[in-house]
Colleague: 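Provided herewith is a single structure, encoded as C-alpha cells, for subsequent inquiry.
We use all heavy atoms of the structure for the numbers below, so side chains are in, but hydrogens, waters and symmetry mates are not. Just so we're on the same page: letters track the sequence lines, and every chain starts at 1.
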There are 2 protein chains.
Amino acid sequence: MSSDTRWLDKGEQEVWRALRELIWGFESAMDRQLIRDSELSGVEYSVLAALSEAEDGVMRARDIAQALDWERSRLSHLLKRMEAKGLVARTECESDARGFNISMTAAGHKAIVRAAPGHVSFVRENVFDPLTDDERDALHSAATKIQASIRAAGLWENRGAPKS
Amino acid sequence: MSSDTRWLDKGEQEVWRALRELIWGFESAMDRQLIRDSELSGVEYSVLAALSEAEDGVMRARDIAQALDWERSRLSHLLKRMEAKGLVARTECESDARGFNISMTAAGHKAIVRAAPGHVSFVRENVFDPLTDDERDALHSAATKIQASIRAAGLWENRGAPKS
DNA sequence: ATTGATTTGTTGACATGTCAATCATGCACA
DNA sequence: TGTGCATGATTGACATGTCAACAAATCAAT
C-alpha cells in the first residue's frame, strides 16, 4: 500500500504519545475509582447506567449490546455474572421468544445510585474542570472526527461483517 | 463526599460520550488493523517497539514494564508467550542475578519492520490527517491536562502503593 | 557480617474478553 | 406453507489481564 510511509515527526510523536497514554490509562483509572468507591466494576456500571436510561429500567439484551457497542457473547457472560450477584434479573420476552428482558433489581438500583455521584465527579474533575472551553470544544470535535475517520476505514466495528 | 454533585448538562454529556467512545474504541480498532496487516497483536507491537528504541535492541524486563507502565506479572506472562513464538529471547543479566535481558530475535525484528508502516499510517490517517492544526494542539494539551489531573488525584498508577 | 526491607521476576487462581459453533426462533418470499 | 436465511442468545475453548503469594537477590543499617 505504501512504500513511502509518512513517519511521525518529533512534535507529532509527542501528541501521539499523550493521546496513547490517555487512551491506555483513562479507562483503568476510571475503573479504579469506581471499584474503590462502590462495589461496581466499570462494565457493570455501564450496563446499569444503560438500564437506568430506559423508562422502566428494562431492556432487551440485544438493545443493551447495541447501546454499548459490545459483542453479544461478552454481554451474555457479564449478565450471567451480574445475575449471580443479584444486580440484574432476566425475564422472558413476550413479543419474541428468542429474547430476554433484563431488568435492574433493587440491589442493582441501590448500587448505581450509590456509585453515580463519584463517577460523575471523576469525569467532571478530571475532564471538564482542567480544560478551557476552547480545549473542551476542540476535544469534542477531535474525538468525533477521529472516530468518523476510523469508521470510514471500516476498522471501528467489533465484528466487521465483510460483505465479500 | 458530595451530596451536591455537579451533574453533566446536555452539552457536557455529548462531549463525554464522544470521548468515552474514542477511549473504548480506538485501541481495539488499532489492534484490529495490526492483526489484519501483520502477525502482531497490539501488546506485542508495544514490546517490540520499546525494544527497537533501545540502542542494541536489548532491555531489562523491569525497564520495559516501566516504559509501558505495565504490571510486572502482565509483562512476564506476555514475554513467556512471545518467547514461545520466537519473537524475543532472554538472557541472564550479568550485573544483577535477579534480572533478565530481553532481546529481539531476527523474527521479532522482521515482524515489527513489517508491521510498522501500516501502524504509522493508521495513526497518521486517523489522528493527524482528520484534524486541523488547532484541533491537534488542543487535543495534545487536553490529553496532557487530563492525565495530569488524574495523576494528581492518585488514580493513575497501576499499583497505587498505599503508604498506610 | 546479620538482619530486615526492597527489588525483580515468576507463578497460579481467577476475572474478563474474543471467537467460532450451536440452537431456537422469526421472517421473507415463492 | 414450507424453505432458507437472518436474528437473539448461549456455550466452551482459548487469550489475556489482575491480584496475591512466593522466591531469590540486593541493599541498607547497624
Colleague: Between the side chains of S141(B) and E135(A), is a donor N or O closer than 3.5 angstrom to an acceptor N or O?
Modeller: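 Present: a donor and an acceptor within the cut-off.
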
Colleague: Whole-Å distance between dT10(C) P and E92(B) CD?
Modeller: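 Atom-to-atom, E92(B) to dT10(C), this comes out as 11 Å.
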
Colleague: 5'-most contact on DNA chain C: K85(A) or A97(A), nearest heavy atom basis?
Modeller: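 It is K85(A), whose closest nucleotide lies nearer the 5' terminus.
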
Colleague: Taking the side chain of R98(B) as its heavy atoms from C-beta onward, which of dC19(D), dT6(C), dT10(C) lies nearest to it?
Modeller: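 That would be dT6(C).
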
Colleague: Report the distance from atom CZ of R90(A) to atom C1' of dG8(D), rounded to the nearest whole Å.
Modeller: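 Those two atoms, CZ and C1', are 12 Å apart.
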
Colleague: In whole angstrom, give the distance that lies between atom CG of L75(A) and atom C1' of dC19(C).
Modeller: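 Distance, rounded to whole Å: 16 Å.
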
Colleague: Among dG17(C), dG12(D), dT10(D), which nucleotide has an atom closest to any side-chain atom of R74(A)?
Modeller: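 Nearest listed nucleotide: dG17(C).
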
Colleague: Please tell me if R72(A) has a side-chain N or O lying less than 4.0 Å from either OP1 or OP2 of dG8(D).
Modeller: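 Yes, such a contact exists.
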
Colleague: Answer yes or no: does a side-chain N or O of R60(B) lie under 4.0 Å from OP1 or OP2 of dT7(C)?
Modeller: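 Negative; the distance criterion is not met.
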
Colleague: Choosing from dT11(D), dC19(C), dA13(C), which nucleotide comes nearest the side chain of H77(B)?
Modeller: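 Ranking dT11(D), dC19(C), dA13(C) by closest atom to the H77(B) side chain puts dA13(C) first.
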
Colleague: What's the CG-C1' distance between L68(B) and dG9(C), to the nearest Å?
Modeller: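 Going from CG in L68(B) over to C1' in dG9(C) covers 16 Å.
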
Colleague: Parallel under 30°, tilted from 30 to 60°, perpendicular over 60°: which one fits the rings of W24(A) and W70(B)?
Modeller: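 W24(A) vs W70(B) ring planes: tilted.
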
Colleague: Start at the 5' end of DNA chain D and walk down; is the nucleotide closest to V43(B) or to L79(A) reached first?
Modeller: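 This one resolves to L79(A).
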
Colleague: What is the nucleic acid contact for R62(B), judged by heavy atoms within less than 4.0 Å: base, sugar-phosphate only, or nothing?
Modeller: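 R62(B): backbone/sugar contact only, no base atoms under 4.0 Å.
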
Colleague: If I take atom CG in residue D69(A) and atom P in nucleotide dT18(C), what distance separates them, rounded to the nearest angstrom?
Modeller: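 Rounding to the nearest Å, CG of D69(A) and P of dT18(C) are 10 Å apart.
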
Colleague: Any salt bridge linking R124(B) with E12(A)? Criterion: basic side-chain nitrogen under 4.0 Å from a carboxylate oxygen.
Modeller: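 Result for this pair is yes, salt bridge flagged.
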
Colleague: Parallel, tilted or perpendicular: which describes the rings of H119(B) and Y45(B), with under 30° parallel and over 60° perpendicular?
Modeller: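 The rings of H119(B) and Y45(B) sit tilted, inter-plane angle from 30° to 60°.
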
Colleague: What's the CD-C1' distance between E44(B) and dT16(D), to the nearest Å?
Modeller: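 Distance, rounded to whole Å: 11 Å.
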
Colleague: Does dT16(D) have its OP1 or OP2 closer than 4.0 Å to a side-chain nitrogen or oxygen of R81(B)?
Modeller: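 Answer yes for this pair, as a side-chain N or O of R81(B) is under 4.0 Å from OP1 or OP2.
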
Colleague: Report the distance from atom CD of E94(B) to atom C1' of dT26(D), rounded to the nearest whole Å.
Modeller: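 Rounded to the whole Å, the gap is 17 Å.
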
Colleague: Could you check how far CZ of F100(B) sits from C1' of dG9(C), rounded to whole Å?
Modeller: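 In whole Å, dG9(C) C1' lies 7 Å from F100(B) CZ.
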
Colleague: Of the nucleotides dT25(C), dA25(D), dT16(C), which has the atom closest to the D96(B) side chain?
Modeller: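 Taking heavy atoms from C-beta onward, the closest nucleotide is dA25(D).
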
Colleague: Can you tell me if CD on Q66(B) sees more than 12 non-hydrogen neighbours from other groups inside 6.0 Å?
Modeller: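 No, CD of Q66(B) has 12 or fewer neighbouring heavy atoms, counting only those of other groups under 6.0 Å.
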
